[in-house]
Amino acid sequence: MAIGYACITIGVQNAGLSRCILKNATEDNIRAITRSNLSALETMVEYNIRNDIKLFRISSDIIPFGSHPINEVHWWAEFKEMFTRIGEKISAAEMRVSMHPGQYTVLNATEPRIVQNAIEDLKYHGAFLKALGVDQKNKIVLHIGGVYGDKAKSTKVFIKNYLLLPQSIRNRLVIENDDKNYTIQDVLEISKETNIPVIFDNLHHQLNPPMEKLSDGKWMAACSSTWKGYDGKQKIHYSQQKVGASSGAHSDTVLIQQFLDFYRNLGNKEIDIMLEVKDKNLSAIKCINTAVLDISAKLFEEWVRYKYFVLSRSERLYNEIDQMLNLKDELVAKEFYERLEQAYLLPEDMEAEVNAAQLLWSYVSQECSSAEKKRFEKLVLAYKTRACTVRTLKNHLLKCVLRQEMDYLTNSLYFYI
DNA sequence: TGACGTCAAGATCCG
DNA sequence: CGGATCTTGACGTCA
């Protein structure tokens with residue numbers, strides 16, 4: 001069992017990805033962005049290792065224009081050392097990585113150029129994973145594509161084009177149900193003919209259920225047998241609908257009770273769960289700490305990161321959690337995270353925000369310049385009169401914290417949520 | 001033709 | 001100048 005997240009980390013320094021637009025895609029710029037992004041990847045991998053996260057999706061944007069003819073950089077050779085080093089860290093930690101070309105990579109398109117682009121894109125993803133030196137349990141996830149008014153015919157085209165792919169790419173390819181066109185039943189039928197492993201996506205399934213009505217558990221069991229030993233453990237995607245948003249939109253955070261209901265009903269616990277959620281690594285750690293690990297030791301570290309954020313929302317919740325953590329015997333991860341969720345959902349309270357900002361300021365102010373002091377006071381006043389948002393205030397505090405290298409505060413989620 | 005999804009870059013406006 | 005707030009980009013399908 002592993003639980004992981006996709007592409008980017010919240011609240012981790014030096015882990016941001018860069019990109020460029022076509023207009024700026026010169027050889028030098030592509031090279032510089034590639035180097036920077038590989039360095040960010042290494043930071044994210046190290047973060048995952050520190051936090052016992054063993055499942056991670058690598059962003060398709062990691063190489064700018066990775067499958068576009070404008071990119072003529074032989075990045076797999078030029079950055080071989082970095083790839084090898086990162087790949088070794090991944091393997092040594094028994095982390096499983098994946099990549100997921102988006103909705104615009106359409107292998108079954110009617111237009112040959114689009115099919116060719118899709119093939120190039122899959123080759124790019126394959127080359128990236130190969131450069132890392134990770135084995136074929138590290139997958140490339142793909143949707144089936146378009147329907148073009150005839151699903152049976154388009155399904156055949158998908159299979160035909162799949163068979164055109166190099167064996168090394170086919171070895172890594174797995175297919176997923178989508179929220180509009182191909183149901184889990186459609187995808188399983190394609191798997192029957194091709195032996196491609198199938199990813200069950202719970203939210204897509206909810207929005208696009210097949211004619212045949214089975215429980216989620218039954219569908220996941222059906223997918224389970226598409227995963228062979230050399231493919232690694234069965235993998236699924238899990239997400240929750242964002243309330244009030246357009247259907248299919250991912251929630252800001254994974255609500256832990258809802259996740260536990262799903263998790264406890266899983267027949268097969270030997271399964272890897274990729275979370276698709278806005279707060280990324282934060283929800284991954286939440287779910288791991290609640291469902292997988294014995295967390296009492298980990299929770300205190302979590303609290304160090306969250307505490308000022310909670311204080312900025314509510315002193316009552318802050319005190320409740322603080323007291324809860326002192327009663328170690330009665331410590332329950334679920335209750336801890338449910339209180340964090342309450343804090344998330346509370347509306348902004350100006351008094352609480354000012355209170356938290358001033359507490360942090362009492363640590364920061366001891367070593368700051370008079371200009372920083374002046375700006376802080378100005379921003380507090382501005383915030384109180386609604387002339388600026390609390391974000392501005394937080395950014396200023398963070399800038400002071402980073403300049404002073406106050407390590408215990410730089411990772412505080414107060415600054416990032 | 002616009003919506004869909006992604007998320008930083010880029011542009012623009014404000015004080 | 002810093003910061004807030006759009007808009008753009010690059011991809012393809014579908015209503």
Side-chain angles (χ1 to χ4, degrees), chain A residues 5-10 15-26 29-30 32-34 36-37 40 44 57-71 99-122 124-125 141-151 154 157-158 161 176 178-182 201 203-204 207-208 237 239 241-242 245-252 276-280 371-372 374-376 378-379 381-383 385-400 403 415-416:
Chain A
Y5 67 99
C7 303
I8 58 174
T9 51
I10 307 282
L17 296 177
S18 302
R19 57 213 313 215
C20 66
I21 56 175
L22 205 44
K23 189 177 64 166
N24 302 331
T26 60
N29 202 22
I30 286 172
I33 292 170
T34 299
S36 155
N37 284 354
M44 290 191 272
R57 181 188 301 164
I58 297 170
S59 170
S60 294
D61 286 344
I62 189 123
I63 306 287
F65 298 98
S67 65
H68 192 289
I70 200 162
N71 185 343
M99 298 183 88
H100 187 10
Q103 65 195 116
Y104 300 107
T105 301
V106 185
L107 190 58
N108 72 345
T110 46
E111 206 182 310
R113 184 186 54 83
I114 294 168
V115 176
Q116 195 51 45
N117 287 348
I119 292 173
E120 289 308 314
D121 201 40
L122 292 170
Y124 149 63
H125 286 88
V141 185
L142 186 67
H143 292 291
I144 305 305
V147 172
Y148 310 104
D150 186 344
K151 197 185 265 185
S154 299
V157 174
F158 177 87
N161 291 347
E176 180 194 351
D178 66 71
D179 60 349
K180 288 201 172 67
N181 301 321
Y182 293 87
D201 182 306
L203 187 58
H204 291 164
L207 298 169
N208 182 25
H237 289 174
S239 58
Q241 171 70 44
K242 178 172 178 163
S246 65
S247 97
H250 294 149
S251 63
D252 291 337
E276 295 182 320
V277 58
K278 289 281 186 297
D279 72 352
K280 306 288 184 185
E372 284 170 340
K374 234 173 116 181
R375 179 158 175 78
F376 176 77
K378 193 180 149 197
L379 287 177
L381 212 66
Y383 174 60
T385 57
R386 298 181 198 280
C388 76
T389 62
V390 73
R391 176 55 48 199
T392 314
L393 193 56
K394 286 186 182 188
N395 286 348
H396 177 59
L397 278 169
L398 177 58
K399 201 171 281 183
C400 299
R403 193 186 56 72
F415 298 115
Y416 306 103

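Here is the naming used below: chain letters follow the sequence lines, and residue numbers restart at 1 for every chain. Scope of the values below: all heavy atoms of this structure, side chains included, with no hydrogens, waters or symmetry mates. Computed from a prediction, not measured in an experiment: that's the story for all the values here.
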Novice: What is the distance, rounded to the nearest whole Å, between atom NZ of A:K394 and atom P of C:dG3?
Specialist: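 One finds 15 Å between P of C:dG3 and NZ of A:K394, rounded.
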Novice: Look at all strands and tell whether A:H100 reaches a base, only sugar-phosphate, or nothing, counting heavy atoms closer than 4.0 Å.
Specialist: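 It contacts nothing in the nucleic acid.
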Novice: Under 4.0 Å between any heavy atoms, over every strand shown, what does A:D61 touch: base, sugar-phosphate, or nothing? Just pick one.
Specialist: nothing
Novice: Do A:V157 and A:Y148 have side chains that get closer than 4.5 Å, going by heavy atoms?
Specialist: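 A:V157 does not reach A:Y148 side chain to side chain.
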Novice: If you look at every strand shown and take non-hydrogen atoms under 4.0 Å, does A:K242 touch a base, only sugar-phosphate, or nothing?
Specialist: nothing
Novice: Would a 4.5 Å heavy-atom cut-off, applied to side chains only, mark A:N37 and A:S18 as touching?
Specialist: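 A:N37 vs A:S18: side chains touch.
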Novice: CD1 of A:I33 versus C1' of B:dA9: gap in Å, rounded?
Specialist: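 Checked: the CD1 to C1' distance equals 10 Å.
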Novice: Could you pull out all donor-acceptor pairs under 3.5 Å where a side-chain atom in residues 99-107 of chain A meets a protein atom, sequence neighbours excluded?
Specialist:
from	atom 1	to	atom 2	distance (Å)
A:H100	ND1	A:V141	O	2.8
A:H100	NE2	A:E176	OE1	3.2
A:T105	OG1	A:D121	OD2	2.7

Novice: Answer yes or no: is there a side-chain heavy-atom contact under 4.5 Å between A:Q241 and A:L203?
Specialist: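 A:Q241 vs A:L203: side chains touch.
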Novice: Quick one: A:E372 CD to C:dG2 C1', roughly how many Å, whole number?
Specialist: 14 Å
Novice: Are A:D252 and A:K278 within salt-bridge range, i.e. N to O under 4.0 Å?
Specialist: no
Novice: Have a look at A:H204 and tell me which of A:H143, A:H237, A:H250 forms a ring-ring contact (aromatic ring centres under 6.0 Å, His included) with it.
Specialist: A:H143
Novice: Going by heavy atoms in the side chains, are A:L393 and A:F376 under 4.5 Å from each other?
Specialist: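 Yes, side chains in contact.
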Novice: Does A:K399 pair with A:E372 as a salt bridge, N-O distance under 4.0 Å?
Specialist: no
Novice: So what does A:S59 hit on the nucleic acid, given a heavy-atom distance under 4.0 Å: a base, only sugar-phosphate, or nothing?
Specialist: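 The residue A:S59 makes no contact with any strand.
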Novice: For A:D252 and B:dC7, what is the distance between atoms CG and P respectively, to the nearest whole Å?
Specialist: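 Checked: the CG to P distance equals 13 Å.
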Novice: Starting at NZ of A:K374 and ending at P of C:dG2, how long is that distance when rounded to a whole Å?
Specialist: 16 Å
Novice: At 10 degrees resolution, what angle do the end axes of the helix from B:dT1-C:dA15 to B:dG15-C:dC1 form when each is taken over five base pairs?
Specialist: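 Angle reported: 70°, given to the nearest ten degrees.
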Novice: Between B:dA9 atom P and A:I30 atom CD1, what is the distance in whole Å?
Specialist: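 Checked: the CD1 to P distance equals 15 Å.
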Novice: Rounded to whole Å, please give me the gap between NZ in A:K378 and P in C:dG2.
Specialist: 13 Å
Novice: Could you give the CZ-to-P distance, from A:R57 to B:dT6, as a whole number of Å?
Specialist: 10 Å
Novice: With the side chain counted from C-beta on, respond yes when A:V277 and A:Y5 share a heavy-atom pair under 4.5 Å apart, and no when they do not.
Specialist: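 When only atoms from C-beta onward are counted, A:Y5 and A:V277 do not touch, as no gap falls below 4.5 Å.
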Novice: Measure from the side-chain heavy atoms of A:S18 and tell me the nearest of B:dA9, B:dT6, B:dG10.
Specialist: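 Given the options B:dA9, B:dT6, B:dG10, the side chain of A:S18 is closest to B:dA9.
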Novice: Report, as a single string ordered 5' to 3', how protein heavy atoms within less than 4.0 Å touch nucleotides 10-15 of chain C: B base, S sugar-phosphate only, - not at all.
Specialist: SBBSS-
